[in-house]
Participant: 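Attaching a single structure in structure tokens format; questions to follow.
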Amino acid sequence: MDVPEFQWNSPPAPHILDYDEVHIWRATLDLTISRVQALEQILAADERTRANKFHFLKDRTHFIVARGVLRAILGRYLPGDPRTLQFCYSQYGKPTLVSESSSDVLFFNVSHSHGIALYAISHTLNIGIDIEYMRMGIECEQIAARFFSPYEVSMLRAVPKHMQHEAFFNCWTRKEAYIKARGLGLSLDLNQFDVSLTPGEPAAILNIREEGQDASCWSLHALSPGSGYKAALAVEGHPSQIKCWQYDKLGWRNAQ
């Protein structure tokens, strides 16, 4: 299931997330100073401390917006004030919500690149999402030889030269989405699984060589967040629907 760019819609009201659905939100991180300040007010003290550690203003601003929008989006699905949401983190840094009841349980994941953020939300499905800006001038084959599996490297080299840049970012985002869904960080061996990468072919986890893991238990989905970007969603399971929303609560411009 690939999600084409034209499906990024304004969310309906009331907002309902069925138990086996995944909702994806897209937001721009480049906002006016007043909007950044407004989002900063809903952050927790530890988040403000983290924001202040960024050396560059742009990085600090993007962190504030990304976290503020995350709280605002989660607040659409949960009762109470988004400012009161509490997060805890696994030993590998993956955030989860501290929930007071089973009705408050949400799986979520966040990724941002070059001014665009994506948020994946589900009630029951473990998920990971990744977005990358397809910057030019990178040594695709050299990086692939270091981080991709041997099978993925062979697939990349088989792609026509003019398509290798796109194929590289297909692979990168799909591997990263799966890693984030697993929540194991760099402890997960990148050689232990293969993903599809050839442009025009469906996104898929082709093989998992890790003991106890089965590729058929996972689904992988290519996303189109905007021109010049690649993105992917990994789901432990097979969602009935994937719905894409544009976050525009404050009248923000379309992220394309």
Participant: Mind listing the closest non-hydrogen atom pair of Ala72 and Ile42 along with its distance?
Facilitator: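 Closest pair (atom of Ala72, atom of Ile42, distance): N-CD1, 4.5 Å.
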
Participant: Would you please classify the geometry between the Phe63 ring and the Phe54 ring as parallel, tilted or perpendicular, with 30° and 60° separating the classes?
Facilitator: tilted

Participant: Salt bridge or not for Arg60 and Glu40, using N-O below 4.0 Å?
Facilitator: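 Salt bridge: yes.
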
Participant: Is the terminal nitrogen or CZ of Lys175 (NZ for Lys, CZ for Arg) located under 6.0 angstrom from the six-membered ring centre of Phe193 and within 45° of that ring's axis?
Facilitator: yes

Participant: Does this structure show an ion pair linking Glu176 with Lys230, if we count only N-O contacts that are shorter than 4.0 Å?
Facilitator: no

Participant: If hydrophobic clusters are built from ILVMFWY residues whose side chains come within less than 4.5 Å, do Leu57 and Val65 share one?
Facilitator: no

Participant: Test side-chain hydrogen bond (donor to acceptor under 3.5 Å, both in side chains) on Asp130 and Thr173 and set out the steps.
Facilitator: CA-CA 5 Å; Asp130 187 58; Thr173 53; 5.2 Å; no

Participant: Show, in sequence, the C-alpha distance, side-chain angles and deciding distance for Asp189 and Glu210, and conclude whether the side-chain contact (heavy atoms from CB on, under 4.5 Å) test is met.
Facilitator: CA-CA 9 Å; Asp189 189 345; Glu210 182 185 357; over 6 Å; no

Participant: Shortest non-hydrogen contact from Ile131 to Ser113?
Facilitator: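 The answer is O-CB, 3.5 Å.
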
Participant: Whether the side chain of Ser149 engages the backbone of Glu152 through a donor-acceptor N/O pair (distance < 3.5 Å, no angle test) should be reported.
Facilitator: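 Answer holds: yes.
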
Participant: Would a 4.5 Å heavy-atom cut-off, applied to side chains only, mark Gln246 and Asn9 as touching?
Facilitator: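 Heavy-atom side-chain distance check fails, nothing below 4.5 Å.
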
Participant: Should we say atom CZ of Phe56 is surrounded by more than 12 heavy atoms from elsewhere, each under 6.0 Å from it?
Facilitator: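 No, not enclosed.
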
Participant: Can you name the side chain to side chain donor-acceptor pair (under 3.5 Å) partners of His165, sequence neighbours left out?
Facilitator: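 Result, side chain to side chain donor-acceptor pair (under 3.5 Å) vs His165: none returned.
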
Participant: Under 4.5 Å between any side-chain heavy atoms of Gln164 and Glu141, yes or no?
Facilitator: yes

Participant: Is the backbone of Leu197 close enough, under 3.5 Å, to the side chain of Asn170 for a donor and an acceptor to pair up by distance?
Facilitator: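 Indeed, once roles are kept as given, a pair shorter than 3.5 Å links the two residues.
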
Participant: What distance separates Leu233 CG from Asn109 CG, expressed to the nearest 0.5 Å?
Facilitator: 9.0 Å

Participant: Can any side-chain N or O of Ser122 pair as donor or acceptor with the backbone N or O of Phe107 at less than 3.5 Å?
Facilitator: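 The answer is no, because no donor-acceptor pair under 3.5 Å joins these two groups.
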
Participant: Mark yes or no for whether Ser90, through its side chain, and Tyr92, through its backbone, hold a donor-acceptor pair below 3.5 Å.
Facilitator: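 At least one qualifying donor-acceptor pair exists.
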
Participant: In Å and rounded to the nearest 0.5 Å, what is the CD to CD1 distance from Glu21 to Ile121?
Facilitator: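 The CD1 atom of Ile121 is 12.5 Å from CD of Glu21, to the nearest 0.5 Å.
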
Participant: Please work out whether the ring planes of Tyr229 and His114 are parallel, tilted or perpendicular, with thresholds of 30° and 60°.
Facilitator: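 Correct class here is tilted.
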
Participant: Which pair of heavy atoms, one from Arg182 and one from Leu188, lies closest together, and at what distance?
Facilitator: NH1-CD1, 3.9 Å

Participant: Do His112 and Leu29 make a side-chain contact, defined as non-hydrogen atoms from C-beta onward lying under 4.5 Å apart?
Facilitator: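 The answer is yes; the side chains approach within 4.5 Å.
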
Participant: With heavy-atom distances below 4.5 Å as the criterion, would you say the side chains of Leu223 and Ile129 are in contact?
Facilitator: yes

Participant: So, the side chain of Arg48 versus the backbone of Leu43: is there a donor-acceptor pair under 3.5 Å, distance only?
Facilitator: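 The answer is yes, because a donor-acceptor pair under 3.5 Å joins these two groups.
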
Participant: If you round to the nearest 0.5 Å, how far is SG of Cys171 from CD1 of Ile143?
Facilitator: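 Reported to 0.5 Å precision, the distance equals 12.0 Å.
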
Participant: Please indicate whether Arg209 has more than 12 foreign heavy atoms, meaning atoms of other residues, nucleotides or ligands, lying under 6.0 Å from its CZ.
Facilitator: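 Check passes, neighbour count above 12.
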
Participant: Looking at side-chain heavy atoms only, is the closest gap between Pro239 and Ser219 below 4.5 Å?
Facilitator: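 Pro239 reaches Ser219 side chain to side chain.
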
Participant: What is the distance from atom CH2 of Trp218 to atom CD of Glu236, rounded to the nearest 0.5 Å?
Facilitator: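 One gets 4.0 Å once the value is rounded to the nearest 0.5 Å.
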
Participant: Taking the six-membered ring for Trp, are Phe148 and Trp172 parallel (under 30°), tilted (30 to 60°) or perpendicular (over 60°)?
Facilitator: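 The rings of Phe148 and Trp172 sit tilted, inter-plane angle from 30° to 60°.
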
Participant: Tyr151 and side-chain contact (heavy atoms from CB on, under 4.5 Å): which partner among Leu156, Asn191, Val195, Asp194?
Facilitator: Asp194

Participant: With a 4.5 Å limit on heavy-atom distance, are the side chains of Val235 and His221 in contact?
Facilitator: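 Yes, close enough: below the 4.5 Å cut-off.
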
Participant: Please report the C-alpha distance between Leu125 and Tyr19 in whole Å, then the side-chain angles of each, then the deciding distance to 0.1 Å, and finally whether the side-chain contact (heavy atoms from CB on, under 4.5 Å) criterion is met.
Facilitator: CA-CA 8 Å; Leu125 301 171; Tyr19 80 99; over 6 Å; no

Participant: How are the rings of Tyr77 and His23 set to each other: parallel, tilted or perpendicular (split at 30° and 60°)?
Facilitator: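 If you compare the ring of Tyr77 with that of His23, the planes turn out tilted.
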
Participant: Look up atom CD1 in Ile64 and atom CG in Leu39, then write down how far apart they are to the nearest 0.5 Å.
Facilitator: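 Interatomic distance, Ile64 CD1 to Leu39 CG, rounded to 0.5 Å: 8.5 Å.
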
Participant: Can you find a heavy atom in the side chain of Trp25 that is under 4.5 Å from one in the side chain of Arg76?
Facilitator: yes

Participant: Just checking Phe169 against Tyr133, ring centres under 6.0 Å apart?
Facilitator: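 Ring centroids of Phe169 and Tyr133 are no less than 6.0 Å from each other.
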
Participant: Donor-acceptor pair, Tyr119 side chain versus Ala66 backbone, under 3.5 Å?
Facilitator: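 Yes.
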
Participant: Compute whether any side-chain donor of one residue and acceptor of the other, for Ser216 and Asp214, lie under 3.5 angstrom apart.
Facilitator: yes

Participant: Would a 4.5 Å heavy-atom cut-off, applied to side chains only, mark Leu74 and Pro82 as touching?
Facilitator: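 Counting from C-beta outward, Leu74 and Pro82 never come under 4.5 Å.
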
Participant: Under a plain distance cut-off of 3.5 Å, with no hydrogens placed, do His62 and Asp30 share a side-chain donor-acceptor pair?
Facilitator: yes

Participant: Locate the shortest heavy-atom distance separating Val153 from Ala144; write the atom from each residue and the value.
Facilitator: CG2-O, 3.4 Å

Participant: What do the steps show when you test Ile24 against Ile242 for side-chain contact (heavy atoms from CB on, under 4.5 Å), and what is the final call?
Facilitator: CA-CA 7 Å; Ile24 302 171; Ile242 297 175; 3.6 Å; yes

Participant: Rounded to the nearest 0.5 Å, what's the gap from CG on Leu106 to CD1 on Ile127? Could you check?
Facilitator: 9.0 Å

Participant: Report yes or no: does Arg71 contribute a side-chain atom to a donor-acceptor pair with the main-chain N or O of Leu85 at less than 3.5 Å?
Facilitator: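 Flag set: sc Arg71 to bb Leu85 pair under 3.5 Å.
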
Participant: What I want to check is whether the side chains of Arg174 and Tyr178 have a donor and an acceptor closer together than 3.5 Å.
Facilitator: no

Participant: Without swapping roles, check the side chain of Asp18 against the backbone of Asp20 for a donor-acceptor pair under 3.5 Å.
Facilitator: no

Participant: For Ser224 and Trp8, which heavy atoms make the closest approach, and how far apart are they?
Facilitator: O-NE1, 2.9 Å

Participant: Is the NZ or CZ atom of Arg67 both under 6.0 Å from the centre of the six-membered ring of Phe87 and within 45° of that ring's axis?
Facilitator: yes

Participant: So, does Glu47 use its side chain to make a donor-acceptor pair with the main chain of Ala44 at under 3.5 Å?
Facilitator: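 Yes; at least one donor-acceptor contact below 3.5 Å.
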
Participant: Of the non-hydrogen atoms in Pro225 and Ile116, which two are nearest, and what is the gap between them?
Facilitator: O-CD1, 4.3 Å

